[in-house]
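Note that ligands are numbered from 1 as they come in the structure, with each ligand's atoms numbered from 1 the same way. Positions are given from 1 along the sequence. Quick caveat, the model's predicted, so the values are computed rather than measured.
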Amino acid sequence: MSHRAGRSPTAAKVSLLVLLVSAVCSRTSLSERVPEFALTKIEESDIKDDSGKEPIADDDADPEDLEVFYPTHQWQTLRPGQAVPAGSHVRLNLQTGDREARLPDSENGKSDTREEKRRRRLDKMDIDSNSFTSQELKKALAKMKESEKAERMAHEEEVRKKFRPIQQLKEEFEKLNVKMETDYEIMDKLISKFNSSASTLDEKVAALYDLEYYVHQVDNAKDFLSMGGLQLVIEGLNSTEPVLKEHAAFVLGAALSSNPKVQVEAIEGGALQKLLVILATEQPQAVKKKALFALCSMLRHFPYAQQQFLKLGGLQVLRGLFRQKGTEALHVRVVTLLYDLIVEKVPSPCHQDPQAPRAFSRATTSWPPLCSHRRSPSEMLLEDSQHGDQTEEKIQQYRQVKLVPALVEQDWCVVVSKLLALPEHDAREKVLQLLGVLMAFCRERYRGDRALSAALGLLRSEYEELAAEEQRDGDKDGYFKELLGSVNTIIQELG
Ligand SMILES: *[C@@H]1O[C@H](CO)[C@@H](O)[C@H](O)[C@H]1NC(C)=O
Ligand SMILES: *[C@@H]1O[C@H](CO)[C@@H](O)[C@H](O)[C@H]1NC(C)=O
């Protein structure tokens, strides 16, 4: 990787963060402060040092004036919505994702030379990419975006009244030749980077890694589609480089999540076949994991894709994963996928929405549900509305998805019940969930299955003990009690 980030994909993102603003601020009176822009200047030294310095609390600040930030010579964390007085020095702390501000250097006794300042202004994007990882940046950016969103909602009204329109600000930035890059522009660059034959393998992987961040957003994913990026990552699934396959599947899965338009385009672009090929052939585990993630995003709430999946022998492909050595980590993900698909098809009151936070899912942080991703409110609305007015056509399509009969026919009943032997509680939780919904169809198979009775008996005594302990600790409706309940229900139903 190059040391100069000026032209690397990472820098494209940095440019989002890095706006050199003091000149604007000094012309800005306090009444028209800049509310939410990333008035952020990153210096190499800033990225490496800091975090040791305690921010000084603003104890004697007038509560009426909470919106105003009072800079001192120390870096202090900016709260969402706080406005920075003219001339302040603002930066993004890449370790915490917080924005911080203080009085400018010259008043800080350090007094930069004029030349240094000029250099920084000109080289504002020239950050040593080795001083932070792509992950750190990603995290910082995500956090920043989150807080900006919250900020926007909380202060929208005030902002409208108090502050100048963003367009005006942008014009000012442009006058200063400081460019705000849009997500669209950044994605465009990343796609070119990925597509360019001049890019190294590392650069391509980095481009995909960064793209994954952007395509989570529904609108970005649509742009990604119209720019031709989706087709490129689908082709990337064919790459001879496992690491490209892996990251292509990662981007694909992110773009597909809760995005019907992308789902349709992806299946028409042949993504489903390619994912199944990856899962059916010898591949590194990391590649299969991401392919499974993409498959899940492809199938969720998309009955047409589920139908195609069954037609193409997708279930047999997943079944094959249970025969290969070293794929154990994938088994629970498959179980979760199947459970989600069964439950989404039959949204009945006795089955909660699998994406709703379940009482006993709180111990599963180490095992995030396969299909879950952070959804923005608009994504949730979109998904809810899809649920609400399920069109007749969609219901019709769901009817044609003969998932459960195929599961029974391929003897998944036994495949699933054997997984009760897994040692992790959260893995068992998923297996018990699937067993619960399969029970009605597998009962005959399960009756007289001694191994299963024995496994259930062991689980019962284990969870009785753990639940009792939990209760002694004051947790009346604990995780283990839930698991015990699931075990008991299955034992009862086996009768
Ligand atoms: C990728 O590169 C090829 C060949 O240079 C070009 O024809 C194609 O339009 C590019 N695709 C995208 C999406 O940029
Ligand atoms: C990609 O893989 C598919 C099978 O999934 C194959 O039919 C196709 O020829 C491959 N394309 C390239 C360009 O390798």
> Nearest 0.5 Å please: distance from the NZ atom of Lys245 over to the CG atom of Asn238.
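Interatomic distance, Lys245 NZ to Asn238 CG, rounded to 0.5 Å: 7.5 Å.
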
> Check side-chain contact (heavy atoms from CB on, under 4.5 Å) between Ala291 and all other residues, then give those that pass, not counting sequence neighbours.
Leu275, Ile278, Leu279

> For ligand 1, would you mind listing the residues that have at least one heavy atom less than 4.0 Å away, ordered by chain and number?
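Residue list for ligand 1: Asn195, Met227, Gly228, Leu232.
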
> For Asp219, what residues pass the salt bridge (charged side-chain N to carboxylate O under 4.0 Å, His left out) criterion, not counting sequence neighbours?
none

> So does Lys193 get a backbone contact from the side chain of Ser199, meaning a donor-acceptor N/O pair under 3.5 Å?
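Confirmed, Ser199 side chain pairs with Lys193 backbone.
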
> Just by distance, no angles: are the side chains of Lys402 and Gln306 close enough, under 3.5 Å, to form a donor-acceptor pair?
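Looking only at side-chain atoms, Gln306 and Lys402 do not form any donor-acceptor pair under 3.5 Å.
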
> Can you name the residues that form a side-chain contact (heavy atoms from CB on, under 4.5 Å) with Asp411, not counting sequence neighbours?
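For Asp411, the residues satisfying side-chain contact (heavy atoms from CB on, under 4.5 Å) (neighbours in sequence not counted) are Arg319, Cys413, Val414, Arg445.
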
